[in-house]
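Side-chain atoms are counted along with the backbone in the values below, which use heavy atoms only and exclude waters and symmetry mates. Just so it is clear: chains get the letters A, B, ... in the order the sequence lines come, proteins before strands, and each one is counted from 1. Here the structure is a predicted model, which is why all the values come from computation and not from measurement.
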Amino acid sequence: NAGVMQNPRHLVRRRGQEARLRCSPMKGHSHVYWYRQLPEEGLKFMVYLQKENIIDESGMPKERFSAEFPKEGPSILRIQQVVRGDSAAYFCASSLSGTYYEQYFGPGTRLTVT
Amino acid sequence: KNEVEQSPQNLTAQEGEFITINCSYSVGISALHWLQQHPGGGIVSLFMLSSGKKKHGRLIATINIQEKHSSLHITASHPRDSAVYICAVRENTGNQFYFGTGTSLTVIP
């Protein structure tokens, strides 16, 4: 009974490179949320997706960041042309359905931009 | 101003003590979550509540919707309870989540 899986757990990128973070939700879950935790700061909501749909991306930076949750396969958070300020822990969570369902968190991906 | 405020920021307790962590929020919500983040960084959802009170083992969470306030209580605290406890709310006008900055709890044997 696998929980939410994220990979890689640690990712190092040089400035200007692309980072791809993957999230496999719990079995049967069709809702995925991405959050970012900057060093010494709290968690911030980024985006909420259902299969093949972005429901709410109000927390996503307007440039360089994108997210998808295809019909098959994991959800992907993509950061283009990374900068040092993108260094953070990125967590995803999944839920069975929307508002009134418990979210289960993955272990996070720690992105370091050098 | 943060939409979610937690207190205290840091808390040290002796093993066995009763612990209370408070959370106040300023937006209308559909649900409030209490999360636990261990030093390794992993996050566990402890409670999701929209009214009343929930209990799980030694943990109790309460919410007062009128006062926009929630508390997390830990009875008979243990060193393994040492972690950061985070309050999060889901705004009722959309899907936006707001998080408190967390309460860092250390329980000393």
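Other residues, nucleotides and ligands contribute at most 12 non-hydrogen atoms within 6.0 Å of the CZ atom of R15(A). Counting non-hydrogen atoms of other residues, nucleotides and ligands closer than 6.0 Å to CD of Q80(A) gives a total above 12.
The distance between the ring centers of Y25(B) and Y98(B) does not fall below 6.0 angstrom.
For chain B, the nearby part of F91(A) is the side chain; its heavy atoms alone come within less than 4.5 Å. Only the side chain of Q37(A) comes within contact range of chain B, judged by heavy atoms closer than 4.5 Å.
With hydrogens and angles left out, the side-chain atoms of S45(B) and Q103(A) include no donor and acceptor closer than 3.5 Å.
Linking Ile, Leu, Val, Met, Phe, Trp and Tyr whenever their side-chain heavy atoms come within less than 4.5 Å leaves F99(B) and Y90(A) in two separate clusters.
Of all residues in residues 51-71 of chain A, those placing a non-hydrogen atom less than 4.5 angstrom from a non-hydrogen atom of chain B are I55(A), D56(A), S58(A).
The shortest distance between side-chain heavy atoms of T62(B) and H73(B) falls below 4.5 Å.
In this pair, F97(B) and F45(A) present their aromatic rings tilted. The plane angle is within the 30 to 60° band.
Note: L35(B) leads T101(B), L35(B), I86(B) in heavy-atom pairs under 4.5 Å with chain A.
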